[in-house]
*Asks:* 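First the structure, then my questions, so here it is.
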Amino acid sequence: MKKKMAVMLSAAMAAGLLGGTSVQASEGEEVTVTIFHHIEEQSSRDGMEEVCKALEEKYPGVKYELQGLDNSQYDNMLKTKLAGGDAPDVILGTPKRYIELINAGHIQDITDQEFLKDFDPDLIESMKIDGKVYSVPYSGDGMGVFYNKKVFEDNGIEIPKTHEEMMAAAQKIQDTGIYAFARGFQDGWPAQCEIQADLYGTFLEENPDFFEKIAVGEKKFADYPGFKEVMERTAERLSFESGDEFGTDAAKARAMLINGKAGMFIGGTWDVTEFINAGADNEIGFFALPGNTEGNAVLGIAPAGCYMVTSASEHKEEAIHFIEFLTSDEGVAIMSKYAAFVPFQAGDDTADMSPLIKDWVSIIEEGNYYNYESREIFVGQQNSTFRTWQEEFAADEERNVDEYIEKLDEQFAAID
Amino acid sequence: MTIKLKKRLTNLAFLLPALLLFGTMVVLPFISGAKISFTDWDGFSEVYNFVGMKNYLKIFKDPTIGEPIKNSLFFTAVTVIGNNLFGLLLAMALKKNTRVNRIFRTFVFMPFIISLVLTGFIWSYIYSDVFYELLGIKSLLGNKKTVMLGICIMGMWRDIGYAMLIYLAGLNAISDTYYEAAEIDGAGPFTKFRYVTLPMIAPAMTINITLFLGWGLKVFDYAMTVTHGGPGRASETFALYVYNYTFPYNKAGYGQAAAIVMMAAIVVITGIVTFFLRRREVDL
C-alpha cells in the first residue's frame with residue numbers, strides 16, 4: 001500500500017512539472033503576433049498594452065502579444081531566438097544598430113508600404129540599409145544637459161552657448177559649495193553619455209562618415225582633430241568633482257540634481273520620464289551640450305521606438321500593421337498618454353507637453369539637431385570596444401587624451 | 001532475472017535521470033561548442049564557414065588576452081589563500097561545540113546560501129553607500145586598480161563559511177589521543193599545529209584548495225553582474241572574455257575556441273595541484 005502511494009505521488013509530481021508547458025491554440029483561425037522588446041519603464045509598457053488592445057479591435061482575429069525583457073539580456077536573447085528558430089514577429093531596434101541581422105537576412109524590408117509616404121523623406125532615408133527601408137520611429141533618443149533652474153537663477157547663470165561659458169558656469173556653481181555636475185556611473189554605461197552628448201552633436205554633423213571610415217580601417221581616431229577636441233572638452237567637464245561617481249547610481253544622481261546638490265546633469269531622453277515621474281519637470285530644464293565655439297549647440301538625436309519585422313515571421317502583414325498603427329497619430333496619442341517621450345520630429349501640438357519636453361522640442365523645432373544614426377554606426381566588437389574605452393576614460397582620474405586616443409586606435413587595429 | 005542483473009538494472013534506473021540531464025545539458029552543448037570552435041560563426045547567421053585551427057591560433061596571438069587571464073589568476077590566488085586561511089582560523093577558533101560557537105558558525109556560513117548574483121548586488125550597495133558615507137572611501141569597484149580586490153572581498157565574504165565548514169569536519173576527525181601524545185612529548189601549540197593538525201587535515205585542504213581553485217578560475221558572475229567587466233576592462237575575467245566574444249562581439253566561433261582553451265587550462269592546473277596535494281595526505 002505504502003509503495004503504491006509512493007509511486008503515485010512521484011507520478012503526480014512528475015505530471016505537475018509538465019503543467020508548466022503551454023498548450024498551443026491550434027483551433028480557430030486566431031493569429032498571434034509576438035512583439036519582442038526591452039522597454040523598462042512600466043508606464044511605457046502600459047502604453048504598449050493599450051496600443052495592442054486598440055489594434056486587436058481594429059483587426060479582429062489577430063492577437064498582439066508583448067514579450068518584454070530587460071535591456072542587458074535583450075541582444076543575447078534575440079540572437080539566441082533567431083538562431084534557434086524561435087523568432088518573434090516584431091522586434092524593437094533601429095536598422096543601423098542591427099545592421100548585422102539585416103545583412104544576415106533576418107529582417108523583412110517594408111519599402112513598399114503605403115504608410116511610409118506620411119513620413120519625412122530624410123527620415124526614411126536614415127531608416128534604409130542598401131536602399132531598403134526596415135522601420136520607422138515614433139520617438140527620439142538623445143543626450144544633453146539637464147540643469148536645476150533654481151541653481152542657475154540664484155547664481156545668475158544663463159544657459160551656456162559655448163564650451164567656455166559652460167566651464168565658467170560649472171566653476172561658479174562649484175564655488176557655491178555644491179557639485180557642478182551630478183554623475184551616476186555605477187552601472188557603467190551612463191559614463192558613456194559624458195562623451196556621446198558631445199560627440200553626437202556638432203562633431204558628427206561635421207564628420208558624418210566618422211564611424212564608417214574607422215570601421216573599415218580607412219581612417220583612425222587620431223586622424224580627426226575634432227575628436228581630440230571632443231575628448232579634451234570631456235576631460236575638462238570631468239575635472240569637476242562630483243563625489244563617488246562610480247558608487248552612485250543614476251537615480252541618486254538625478255535626486256542630487258532635483259535637491260539642488262548639483263547644478264547640472266548630463267543625461268538622456270530616458271531620464272526625462274524619471275524627472276516627470278518625480279514631479280520635478282518644472283524645476284529641471286534641458287539644453288543641448290555646447291560642442292563648438294560658434295554659439296549654437298547641436299543636439300544629437302536618433303530615431304527610437306523603431307520596430308522591425310523578422311523575415312521568419314509567419315504573419316508579416318499583421319506585424320506590419322503593428323508598426324503602421326504605432327507610428328500613426330492614433331498610436332502616438334495613446335503612447336503619449338502613458339509616458340512622456342521626445343518626438344523625433346516637431347509636431348504641431350505642444351500645448352499639453354511637460355515644460356521639460358518642450359525644452360527638447362524647441363531645439364528640434366529650431367532645427368538645431370543632427371540625426372546621429374543617419375549613417376552607419378559601429379556594431380559588434382568595435383561598438384563594444386569603443387563604449388568600454390569611453391567608460392575607462394571617464395573612470396581614469398588622469399585621462400591623458402593623446403594616450404587614450406592612441407590606445408583606442410591600437411585596440412581597433414587588434415580587432416579583425 | 002538473476003539478482004545481480006536486477007541490481008544492475010536498478011542502479012542504472014536511478015542513474016538514468018541524472019545521466020540524461022548531464023548528457024543534454026553538458027555533453028551535447030560541449031560537443032556542439034567544440035564543433036563551432038572550428039568555424040567563424042557569428043552567433044545568429046544561417047551560414048558559416050569552417051576555418052580549421054584559425055580561432056585557436058588567434059587566441060595565442062591576441063594582445064588583449066593578458067588582462068583577463070591576469071584578473072582570473074589574481075582572483076584565484078587571493079580567494080584560494082584567503083578562503084583557506086580564514087576558513088581554517090575560524091574553524092580552529094570555533095571548534096568547541098559551545099552555544100556561542102554554534103551561533104557564530106551560523107553567521108559565518110549564512111552568506112554562502114545567497115546566490116552569487118545577490119552577493120554582487122548587496123556588495124555593490126555596501127561599497128557605494130556604506131563605504132563612502134561612513135569611511136569616505138570611494139567605491140572599490142569604480143577604480144581600475146582596486147576593482148578586482150573589491151570582487152575578491154565579495155567572493156571571500158561568501159565562501160569563507162564553506163571553507164570553515166569543511167575544516168571543522170576535518171578538525172573534528174582528529175582524535176584527541178594525537179594531541180595528548182604530543183603534549184606528553186612536550187609540544188607547544190605551534191608545534192602541535194604543525195605536526196599534528198596540518199598533516200591530519202590534508203584531505204580537507206585538498207578539497208578546499210581544489211574547489212576554490214576551480215571556482216576562482218571560472219569566476220564570471222561577479223564580473224558580469226556587478227561591474228560588467230568595468231571600469232573599462234579592468235575586471236574582465238577570462239570567463240567574461242569568452243562571454244563577450246560569444247555574444248556582444250558576434251564572434252561565437254572564436255568565443256567557443258577560447259572556452260575550450262579555458263577548460264583545458266583549468267583541467268591542467270587543477271590536475272597538477274590535486275596531484276601534489278593528494279601526495280601530502282596521510283593515510284589514517
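Chain naming here is simple, since letters A, B, ... match the order of the sequence lines and numbering starts at 1 in each.
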*Asks:* When heavy-atom pairs shorter than 4.5 Å are enumerated against chain A, which of Y127(B), Y125(B), Y245(B), F131(B) gives the highest number?
*Replies:*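 Of the candidates given, the most pairs with chain A belong to Y245(B).
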*Asks:* Name the region of T227(B), side chain, backbone, both or neither, that has any atom closer than 4.5 Å to a heavy atom of chain A.
*Replies:*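 Neither the backbone nor the side chain of T227(B) comes within 4.5 Å of chain A.
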*Asks:* D396(A) versus chain B, heavy atoms under 4.5 Å apart: side chain, backbone, both or neither?
*Replies:*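 Contact with chain B is through the side chain of D396(A) alone.
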*Asks:* Inspect the surroundings of CD in E314(A) and state if more than 12 heavy atoms from other residues, nucleotides or ligands are less than 6.0 Å away.
*Replies:*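 For E314(A), atom CD is not crowded (no more than 12 foreign heavy atoms under 6.0 Å).
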*Asks:* State the CZ-OH distance between F44(B) and Y98(A), to the nearest 0.5 angstrom.
*Replies:*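 Rounded to the nearest 0.5 Å, the CZ-OH separation comes to 11.0 Å.
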*Asks:* Looking only at heavy atoms, which of residues 133-158 of chain B get nearer than 4.5 Å to chain A?
*Replies:*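 Listed by number: K138(B), S139(B), G142(B), K144(B).
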*Asks:* With a 4.5 angstrom heavy-atom cut-off, is it the side chain or the backbone of S45(B) that approaches chain A, or both, or neither?
*Replies:*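 Backbone plus side chain of S45(B), per the 4.5 Å heavy-atom cut-off to chain A.
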*Asks:* Please classify the contact between Y254(B) and chain A as side chain, backbone, both or neither, with a heavy-atom cut-off of under 4.5 Å.
*Replies:*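 For Y254(B), there is no contact with chain A at all, as no heavy atom is under 4.5 Å.
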*Asks:* For K61(B), which atoms come within 4.5 Å of any heavy atom of chain A: side chain, backbone, both, or neither?
*Replies:*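 Nothing of K61(B), per the 4.5 Å heavy-atom cut-off to chain A.
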*Asks:* Look up atom CG in N76(A) and atom CZ in F247(B), then write down how far apart they are to the nearest 0.5 Å.
*Replies:*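 Answer for the CG-CZ pair, N76(A) versus F247(B), is 5.5 Å.
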*Asks:* For atom NZ of K407(A), is the number of surrounding heavy atoms from other residues, nucleotides or ligands below 6.0 Å larger than 12?
*Replies:*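 Atom NZ in K407(A) is packed in, count exceeds 12.
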*Asks:* Please examine the side chains of Q381(A) and N244(B), heavy atoms only from C-beta on, and report whether any two atoms are closer than 4.5 Å.
*Replies:*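 They are not in contact (no side-chain heavy atoms under 4.5 Å apart), so the answer is no.
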*Asks:* Is P63(B) in contact with chain A via its backbone, its side chain, both, or neither, using a 4.5 Å heavy-atom distance?
*Replies:*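 The side chain, not the backbone.
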*Asks:* Considering only heavy atoms and a distance below 4.5 Å, find which of L78(A), D244(A), T385(A), D75(A) pairs most often with chain B.
*Replies:*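 The option with the most such pairs is D244(A).
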*Asks:* Answer yes or no: is there a side-chain heavy-atom contact under 4.5 Å between E100(A) and N250(B)?
*Replies:*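 In contact.
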*Asks:* Which residues in residues 247-258 of chain A have any heavy atom lying under 4.5 Å from a heavy atom of chain B?
*Replies:*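 Near chain B, by residue number: G247(A), D249(A), K252(A).
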*Asks:* Do Q186(A) and S128(B) pass the side-chain hydrogen bond (donor to acceptor under 3.5 Å, both in side chains) test, and can you show the C-alpha distance, the side-chain angles, and the key distance before you say yes or no?
*Replies:* CA-CA 8 Å; Q186(A) 194 181 39; S128(B) 59; 3.3 Å; yes
*Asks:* What is the distance from atom NE2 of H228(B) to atom OG of S384(A), rounded to the nearest 0.5 Å?
*Replies:*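 It is 13.0 Å, given to the nearest 0.5 Å.
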*Asks:* Tell me the closest heavy-atom pair linking M224(B) and Q73(A), and the distance in Å.
*Replies:*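 Minimum heavy-atom contact is CE-NE2, 4.4 Å.
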*Asks:* Inspect the surroundings of CZ in F86(B) and state if more than 12 heavy atoms from other residues, nucleotides or ligands are less than 6.0 Å away.
*Replies:*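 No, because the 6.0 Å sphere around CZ of F86(B) holds 12 heavy atoms or fewer from other groups.
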*Asks:* Taking atom CD of Q67(A) as the centre, does the number of heavy atoms from other residues, nucleotides or ligands within less than 6.0 Å exceed 12?
*Replies:*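 Yes, because the 6.0 Å sphere around CD of Q67(A) holds more than 12 heavy atoms from other groups.
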*Asks:* Tell me, yes or no, whether the heavy-atom count around D130(A) atom CG, taken from other residues, nucleotides or ligands under 6.0 Å, exceeds 12.
*Replies:*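 Counting other residues, nucleotides and ligands, CG of D130(A) stays at 12 neighbours or fewer.
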*Asks:* Do other residues, nucleotides or ligands put more than 12 heavy atoms under 6.0 Å from the NZ atom of K54(B)?
*Replies:*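 Count not over threshold, so no.
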